[in-house]
Structures are given as structure tokens and as C-alpha cells.
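Below you'll find the structure, written out as C-alpha cells, and then a few comments.
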There are 2 protein chains.
Amino acid sequence: MVDSETAPLRHLSSSPLRGARIDGLPFPVTLERGTGESLHAQLSGRLRAAVLSGTLPGGSALPGTRTLAASLGVTRGVVADAYATLVADGTLEASVGRGTLVPDGAAQAPQGQVIRPPPWVTSFLAPPVDGPLPSDGVVFQSGVTTTRMLDLRAWRQAWAVAARLPVGGQYGDPAGERDLRVALAAFVARQRGLAVTPDAVVVTAGTLHALNLIVRALLPPGSAVVFEEPGYRAARQVLLDAGHTVIPIPVDEGGLRIGPDSPPARLVFVTPSHQFPLGGRMSLPRRLALLEWARRHDALIVEDDYDGEFRYDAPPLPTLASLDAGGGRVLYLGSLSKVLMPGVRTGFLTAPLALIPALVRARTLLDFGHPLPMQQAVTWLLTGGHIDRHIRRARRWHAQVREALTQELAPLAPLATLGGIEAGLHVCLHLHGDLDAQEAAAALAGRGVHVTTLDTYALTPDCPQALVLGFGALTVEEARRGARVIAAVIRKGSSGVQQEQRSSGQSG
Amino acid sequence: MVDSETAPLRHLSSSPLRGARIDGLPFPVTLERGTGESLHAQLSGRLRAAVLSGTLPGGSALPGTRTLAASLGVTRGVVADAYATLVADGTLEASVGRGTLVPDGAAQAPQGQVIRPPPWVTSFLAPPVDGPLPSDGVVFQSGVTTTRMLDLRAWRQAWAVAARLPVGGQYGDPAGERDLRVALAAFVARQRGLAVTPDAVVVTAGTLHALNLIVRALLPPGSAVVFEEPGYRAARQVLLDAGHTVIPIPVDEGGLRIGPDSPPARLVFVTPSHQFPLGGRMSLPRRLALLEWARRHDALIVEDDYDGEFRYDAPPLPTLASLDAGGGRVLYLGSLSKVLMPGVRTGFLTAPLALIPALVRARTLLDFGHPLPMQQAVTWLLTGGHIDRHIRRARRWHAQVREALTQELAPLAPLATLGGIEAGLHVCLHLHGDLDAQEAAAALAGRGVHVTTLDTYALTPDCPQALVLGFGALTVEEARRGARVIAAVIRKGSSGVQQEQRSSGQSG
């Protein structure tokens, strides 16, 4: 719309601009002022649209600049500029003797058809992660955490510091900024007794991202990988998607049951601190057997230190990475997702120095490294001791929740027994009665308590009947309320099954 | 060290704690107080180390708890706790009748050997990106930008706002937070005339990350991909690393020379706004021919809108994505790396809706999505109009730098001619004399001016002689100074070659 208060341009004649029909063109052209778009840009846009739609077919001759300018009431320069633009981008061509033309056989833009994706596009299943969860009731979810104990003052200050740091226009170090790698090396030494040089640290976007880097950087196509069964399904899917062969090896309360007879593989993925999802801690003999297996088969070990920061009664065992010191076999994965919050999407890996260049290359070609402001804020939180203090507060918080769960659920034995309670942010409730885990989960959902069943983490069919209860995001009250419902459902379900058995026994 | 001011523990007898040698153990044990580590944890650590090192070999019987406690001067409970810990983690075993034992055949930790990486680990070449550049002189670098025109007040406020937003313990939407996707859809409509729904937007960590997602989500193994020659080498390497076949198709000032006779492929990667590195803008007929080619061969088009925000004289052409509206063929990649700064590592893609689930699945399994504080800060900068204002300021800044370069280098014609000056943050200087591009670059480096040569972006051997001059990070003065050195070296080099030819002609 022409704004009546806009001062007329000097080159504008008294001819109407709106709705003017241009002699020699088979469509009306409306130019508008006050839109911020110049007149020649508007005109070239209209003409291009006409060519693309076929309104101006191939071979059409355009009016001379003088004619068109007169009919539009603009200077000849406006039309000449528009024509020049369109000739430059190939929409029109300037022909000696014939003036300005639509090229013969000018292609037209596709008109409104909706085409399906190409038939060769791979159709993947949904990712093997939990979808959005109910917002009501008590949700026992794994992999999440409450941020109620977060020191909001320190958190805000970290971002204020990050925002005040000089902002450069260069790419950063794809392995992570030096200060952060130094802080992470010190962190892992303090928290886990793992001695590494900052050169052996690569900043990642979390555990799964780290596994992706390792797979891309190091694994030849079609490698065999030993994986915990049941195990961390997203990590397993990363390996399967990349075309590797997953060899499931069972897990018990002492971790991965690896031994001299275990099959060879190029890689093994383990969660020794708190096995996901069974919750066991890998025993020292098993740790050493795993290292021995890796040496024998020239395999690498990916040690996902899942929940390693949250231990309750048991003191920490040495990490596989420190047991292997100098052995060049172990890649250790740490993450701030459970320590701080998943939304920071910041973690790290440590690796034998000989493997670092390939990992940094993979990070470069994947995403050029981690966002700089994130790195700066996390560096400040680490070096100021805020993350260590947060871990101590979180450990106390989660210990109370775990205690409430234990109080409510331990009395279920022998009907159901708790596993994996020494560490971490989830427990496993093994059902020994006749109750099926999926039936129990369905009955619980009906009463507003949402749990996962162990079989969703298994690759093989005969998985024990158990419920996985993530409590990282719960308060003591929520956990207790949820646990009481679980206890009631299991007692009722079991007696229901028993009654049914009795009655079917009577009728049989 | 025992701190003399530490109050003695109640269970501590008067026996010396330091350097006490335990009867029945073949090594001294030193326990210390005031270290923050409990006595039983210290004892279990020392005993575990002795088992791991073989000092306590398999089959050894440990002293009774009473004996060991007495010799250490601690309560029996301390020793009992340490033994229980070690039995629980498998380091020791409790045997009825024989007391506590080191298990027979206890594995030992590897001792100090340094093993090379497994022989099967893939050895990759260095990533095809520029390494660290000299900090002195004038560095013409592509892909970077100055942040001198950044509104620091708005930048800091964005982080303050992000830090004040509620911090949850849940994972976010792997496609990106809704607010950011809405803001990005509005941004791309405003800046590039591309109409998409927020559901068609996926937040990424930049262009290369977006290409990785597309490759993983959509491309079957061993696909053929058409690629600009010369072109963006990191993107090409992503395709090669993933095992796909790259078909190089030459580029000229009108962009990719695609036509009805071009070979079929599943994907094509193009930079139509400002071809990297030649700098040409893909003409409208070529754009339409590319869409036609994609339709004929059921191919997808990845449109990297490289430098699309920085246009100087020429008005924008419609994006391939808008020309294909409804066609389901084009994935459009945008990035804030050049718009704002590479360190934000934030970009986006838009895709036909039918392809979104596979892309979101790939993002989930790659890294679970983008860091939340980054998303919040960028959302605030977008919705407040700060990024649009920044682009306008940056466009004016870069236009002046480009003008200075043109003034200094255009007079070199016909010895050397400038290409790709209509848009973007780099120009291409084509050498028509006898001067070799690599010789010129070496001569320039000797005079403190650092440039890249066109051949480093080419896959095939016969690449034109040209220098690629990225100017995004330069001031007008730096650019002018560098350009004068370039002009001098090219004039001198050419006359040197002419003199040489003359003298060799005389002698021949």
C-alpha cells in the first residue's frame, strides 16, 4: 500500500503507481512504496515470478525500458536496473537486435505438486528413547535429575562471566578450550581418582555424542561390539545404525559376565559404576577380566561412568581407565547431564593419547566443536568448585530419596527385591511372584505411577521380570507416594494371581 | 599427614597411626587422618592396591579383624568395614573356616606396559580444514567473521535472560525448543523469503552438523552424491568418510553446471547464494535445471545458504527451497556462524515435513539436541530483532571491506580478475598471467599476507589458478594493506616470469 504521507520520489511522475497495467505485458503489475523494498527490486521480483509461473513464456519479448517506464510512471533507470538484475541472474536474456527476452525453453518452477520423499530414503523406526512422559502423577524416569539443589546464584554468575568474556570471530579448538580441558582433567582426578593430562581430554556433548565420535573415529565398518544385556538402548542403537554387529553378553549384579571364553570383538561398551539398567557395580575381578579380554583380542573398552558420582554406602572402585593406566585400551566417558542437568549437553571423554587425533578429527567433521559460551560457563563452574559442591548437595538429596524407596519397597521381599541400590539415580525392582512386569506397569499407570519395564532395555527375549525406577527427578515425598502405590499393586497383583490359581485349581 | 590439631577419633587408641607395620601383612600400611577420607576407606584402598600389584598374591589369608585392628590402633569395626567393602567388590573372598582370603588366581592389574592402539584402528588423515593460522600479518581466512560490530549490551542481556529462565532436569525437544523453531521460521521468512512452518525446522550445531544429520538420517550406504567442484571440502569429507561416492561437477560463475545430461545421484550439495569457494551465484535457469534434475532422478537437494545474508549489489534470488515449495526435494541449511560468530555453533535446517521424523531421530541418537542455554539466548536475540540489526551492521561493515579490496585488486585486470564479489565474505582472485597460485601464496606468506589457493578445495587435478581471499574477519585497513601486497606480488611475479621468459627466449 502506498502510504499517503510518504513524500513522492523525485523520479515519480503523476501517473498512478497502483494497479497500473503495463502495455505489452499480459498481467498487471503493482508497485508499492514505503515497504522498504526499492522499486526496481519490486519490478524484478514481479517479472521473475511471471517467468517462473509461465505467464511470460519462453521467447516472449519484453517492452523497451522507455515504454515500460512511461506506463509505470517511473524513471527509465528503474526498469533498466530491473532488467539488468534479471539478465544477470539468468531469468531474462539481452539479445542484440531483439531487446530483452525470456529465454527460449525457460524452465518453470514446479507448480504446487506435492511429491513424496524419494523411495530410497531409509525409513527408520522411532529412536529407542522415552517419549514425552505424563506430567501428572509420579513419573519414575531414568536419565533425568532434579535441579532443586542448584545454586542459582552461581549458575547466573557463570553465564554473566561467560557473556563478559571477549567474543571472537574464529573457530575454537574442536577438542575443547584449553581451560576447560584442564578443569575437566582436575575434576576427574578429584572425583574418580583418574589421572589424565588435559591433552587426553576431549569436550563432548554428552555420553551418546562421545560414543558417536568413537564409532566414527575408530571403528572400521562392520565391527563386532560386545554390549551389556540388558543395556543402554540408545547407545546400542548408535552401534546398530552405524552397521556394526552387537554381541549381547548378560549382566548380573557384578556387571558384565565377561571371561576367557567370551567371543572376540573390537569394542565393548560398559557401565561399570552403576550398570544401566540393572544397577549392579562391576566387581574388581570382572574389571580385570575385562581388561584381560581386551588385551587378548586387541579390543578397546568404552567405559561409560554412568552415575559414577552418586554412590551411597559403597566406596568407589578404581575406574577401568585407571586400572589400565598406560595400557591404551580404555576410553572413559563422563557427562554433566546427571551431575548438573541434561540441558547443558556437555560432557567429556578421556582417551589414550594415540587415539586423540582421530577423535578430534571426528569432532571437527561432525560439528567443529562445542559452543564457546557453554564451555566458558562450565569452566567457571568447575574451577570455582561449584560443580563439586553441587554433587555433594545432590548426593545428599538423592540418598534421602533412595532411602525412602528402600523403606517402602524392601519389605516386599521375597515377592519383589530391590537391586542396584548402592549407587546411581535408579533402582531395579525384581518381581519374583507371578506378576508380569508389563502388567504391573500397566496397573501402575492406571494409578498415576509411571515406570519402565526391564525388557525394554533387552535385545534378547528372556529378560527377567523387573521394573526400572528412575528417581533422579523426584522428591522424597513423591518417591514415597509412588513406592507405596507400587507396593500395593504388587501385593494385590500377586494375591490376585494366587486367588486365580486357587480358583482355577478348584475348578480344574 | 596427620594434622596435630585434629581431635583424635574416639575409637583411636594411643598406638601410632603413621608408618605402623601390620603383623602378618608383607608390606607397611600408613593410615592418615584429616584427609577427608575415612580410615576404613583408606585401609580398603591400600589392601586393594596390594592385591592388584600382586603384593598380596592369590590364596593369601588376611589377618583376623581383631589382630589387624590392634596393630593399627583402630577399632575392629574399621577393619571389618574395609574387609566387607573388598568382599563386596570381589577383591577378597570370605571363606567359612579360613577367614578372609585373596581369591585364588586373582587377576592383577596390568603393570606399566604401554600398548599401541589396536592394529585395526582406522588411521585417518588430518581433517580438511585450515589449521591454526598465523596471528601476525594479514590473514585472509574464509568461514570466520569479525565481531567488532556486535552489540555487546544485547549479547550480555541475552545470557542474563537465558540464565534467569527456569532450569529443568529433563531432556529438551531434540528438534529444538518450540520458541526457537518459531523464531527461526520467522527469521528465514524475513531474511530469505522462505515460508516454512516451525515444524519443518530442526535446530542444528551449524551447517556441517546439519549435513551429518541428513547423511545419517536419510542416505542409504554407498549412495552417489553430486558435489560442487571446487567445493566445501569439510562437507565433501563428511560424505567420503560415510562411505558415499562423490561425483564432482564443475562450477562456474553461474553455479553448478547441472543439466539433463548430468549423472544421476541420490543427493546434491550446493551453495547457490555464494558458491564456496568460487563465489558465483547460481543463476535462475541453473536453479530450475537442478530442481528438474532432482525430480528426474528422485534426488534430494541440500541447499547450504552459505553467506546468503551478505549481498552487496545484487538482490536475492529465490532459494531453491522456495522454488521447490511443496516439491519435497530441498533441505535448506542456515547457520549463525557467519551471521553472529562461529563460536555459537548454532544453526538450523528446514526440510520437507515427511523427512523431519528421520532427522529428529538422527539428532536424538547423535547428541540428544542442542544445549538449552544456547537456545534460550539465541531465541532472545532473534525475537528482539538483535540478529537482524546485527546483520545490517555487518553488511555495511563487510561492504566497506569488499569495496577496499575491489579498489586495490580490480586494476590488476587482465593480469588477475576478481570473482564472486556480489555477495559473501570472500572473493576469488583468478590469476591469468604465468604466475602459479601456490607460488603467489608462498611469496605472500613471506610478506606476512596469508591466503588460500583454489586448488585446496578441488578434488580433481586441473583447477584454475586462483587465490581465495576470505575477508570476514578483516578491517578496511587490514584488507587494503593486504590487497596492496597481493597486487605488488602479482605484478612483480608476472614481470619476473616475463623477464625469465624473455631471457630464456634470448638464450634459446
Side-chain angles (χ1 to χ4, degrees), chain A residues 41 85 89-91 107 109-110 112 114-115 117-118 120-122 124 127 129 144-147 150 156 159 163 167 169-172 205 209 212 218 220 237-238 266 283-285 288-289 292 298 315 317 323 326-328 341-345 354-355 358 361 364-367 371-372 374 473, chain B residues 41 85 89-91 107 109-110 112 114-115 117-118 120-122 124 127 129 144-147 150 156 159 163 167 169-172 205 209 212 218 220 237-238 266 283-285 288-289 292 298 315 317 323 326-328 341-345 354-355 358 361 364-367 371-372 374 473:
Chain A
T85 292
D89 69 32
T91 310
V114 175
I115 302 176
W120 51 262
V121 165
T122 319
F124 282 117
V129 295
V144 296
T145 180
T146 178
T147 51
L150 190 70
R156 286 171 192 160
W159 293 106
V167 180
Q170 303 285 322
Y171 283 79
H209 183 250
N212 274 283
L218 305 174
Q237 195 64 44
V238 166
R266 290 219 175 100
S283 73
L284 193 68
L288 296 172
E292 178 54 34
D298 253 333
L317 273 174
L323 287 173
M341 70 201 69
V344 294
R345 309 289 341 106
L355 301 181
R361 179 188 187 279
T364 305
L365 287 174
L366 185 57
D367 54 20
L372 210 50
M374 289 301 311
Chain B
T85 292
D89 69 32
T91 309
V114 174
I115 303 177
W120 52 262
V121 165
T122 319
F124 281 118
V129 296
V144 296
T145 180
T146 179
T147 51
L150 190 69
R156 286 171 191 159
W159 293 106
V167 180
Q170 302 285 321
Y171 283 80
H209 183 250
N212 273 283
L218 305 175
Q237 195 63 45
V238 165
R266 289 217 175 101
S283 72
L284 194 68
L288 296 172
E292 178 54 33
D298 253 333
L317 275 174
L323 287 172
M341 69 202 71
V344 294
R345 309 290 342 109
L355 302 181
R361 178 187 188 279
T364 305
L365 288 175
L366 185 57
D367 54 20
L372 210 51
M374 288 300 312

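Naming convention: chains lettered A, B, ... in sequence-line order (proteins, then strands); numbering from 1 in each chain.
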>> The test is side-chain contact (heavy atoms from CB on, under 4.5 Å); show your working for A/L366 and B/L366 and say whether it passes.
In response: CA-CA 10 Å; A/L366 185 57; B/L366 185 57; 3.9 Å; yes
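For A/Q170, the parts lying near chain B are the backbone and the side chain together; criterion is any non-hydrogen pair under 4.5 Å. At a 4.5 Å heavy-atom cutoff, the contact between A/V344 and chain B is made by backbone atoms alone. Proximity to chain A is limited to the side chain of B/L150, based on heavy atoms less than 4.5 angstrom apart.
Ranked by heavy-atom pairs under 4.5 Å with chain B, the list A/T147, A/V238, A/L372 is led by A/T147. Options B/P371, B/A354, B/A205 differ in how many heavy-atom pairs under 4.5 Å they form with chain A, and the most are formed by B/P371. Note on A/R156, A/H209, A/R266: by heavy-atom pairs under 4.5 Å with chain B, the leading option is A/R266.
Partners of B/Q237 by side chain to side chain contact (heavy atoms under 4.5 Å, CB included), not counting sequence neighbours, listed by chain and number: A/R361, A/L365, B/P128, B/L240, B/D241.
Atom CG of B/D89 is separated from atom CG of A/L284 by 6.0 Å, given to the nearest 0.5 angstrom. Atoms CG and CG, from B/D367 and A/D367 in turn, are 7.0 Å apart once rounded to the nearest 0.5 Å.
B/G90 and A/P285 make their closest contact through O-CG, 2.9 Å (heavy atoms, listed as atom of the first residue, atom of the second, distance). Residues B/V144 and A/G169 come closest through the heavy atom pair CB-O, 3.3 Å.
At a threshold of 4.5 Å between non-hydrogen side-chain atoms, the residues A/L355 and B/V121 count as touching. Taking the side chain as every heavy atom from C-beta outward, A/Y171 and B/R345 approach each other to under 4.5 Å.
Within the 3.5 Å criterion, the main-chain N or O of A/D298 finds a donor-acceptor partner in the side chain of B/W120.
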